[in-house]
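Contents: one structure, followed by commentary.
Remember, predicted model here, so these are calculated numbers, not experimental data. Only heavy atoms go into these numbers, but all of them, side chains included; no hydrogens, no water, no symmetry mates.
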Amino acid sequence: MLGLSIGTWLKAGAVLIVLAGVAWSHRAAYQAGRTAEQAAFAERINQENEDAGKAAEDWRARYRRCAERGGLYDFERGACHN
């Protein structure tokens, strides 16, 4: 047995098992962190898209009301001139 006792081999095996467990737990923590960050990123993108949609709809409503009243919409200022 290459001159090593069974006790030494058992200790070496136990150390390898512990190291494998630590490596696995770090990888699991890393994956969990990535998953959480990806979810937060997707939520931010969805919120920005929703905000942009609301802003566009608000602009369309202001423009439509201006046109219905016979006004001229000033795009630079974002205001209606009657």
Side-chain angles (χ1 to χ4, degrees):
M1 283 213 205
L2 301 173
L4 298 175
S5 70
I6 292 179
T8 304
W9 284 103
L10 289 175
K11 287 179 187 176
V15 168
L16 288 176
I17 290 171
V18 169
L19 288 176
V22 168
W24 177 83
S25 68
H26 282 219
R27 178 155 171 72
Y30 173 76
Q31 286 296 99
R34 279 192 58 166
T35 301
E37 185 57 32
Q38 288 170 345
F41 186 69
E43 178 61 31
R44 241 177 294 140
I45 288 173
N46 289 338
Q47 185 61 50
E48 289 174 2
N49 286 343
E50 187 176 321
D51 293 344
K54 287 179 182 177
E57 189 58 39
D58 289 345
W59 177 84
R60 281 191 291 271
R62 286 193 312 270
Y63 179 75
R64 187 177 60 247
R65 283 192 302 268
C66 180
E68 287 172 354
R69 290 184 299 213
L72 181 63
Y73 194 81
D74 184 348
F75 290 93
E76 187 174 333
R77 294 185 181 160
C80 182
H81 300 288
N82 292 331

Exercise. With sequence neighbours left out, write down each residue that passes side-chain hydrogen bond (donor to acceptor under 3.5 Å, both in side chains) with D51, or none if nothing qualifies.
Key: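 Here the qualifying residues are Q47.
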Practice problem: Mind checking the CD-CD spacing from Q38 to E43? Nearest 0.5 Å is all I need. | Solution: 14.5 Å
Taking only distance into account, with no hydrogens and no angle test, what donor-acceptor pairs under 3.5 Å do side-chain atoms of residues 73-82 form with protein atoms, sequence neighbours excluded?
{"from": "Y73", "atom 1": "OH", "to": "W59", "atom 2": "NE1", "distance (Å)": "3.4"}
{"from": "D74", "atom 1": "OD1", "to": "E76", "atom 2": "N", "distance (Å)": "3.1"}
{"from": "D74", "atom 1": "OD1", "to": "R77", "atom 2": "N", "distance (Å)": "3.4"}
{"from": "D74", "atom 1": "OD2", "to": "H81", "atom 2": "NE2", "distance (Å)": "3.4"}

Practice problem: Name all residues meeting the salt bridge (Lys or Arg N to Asp or Glu O under 4.0 Å) criterion together with E50; count only those two or more places apart in sequence or in a different chain, and write none if there are none. | Solution: K54
Self-check item: E57 with R60: basic N within carboxylate O range, under 4.0 Å
Solution: yes
Self-check item: Over 12 foreign heavy atoms within 6.0 Å of CZ, R27
Solution: no
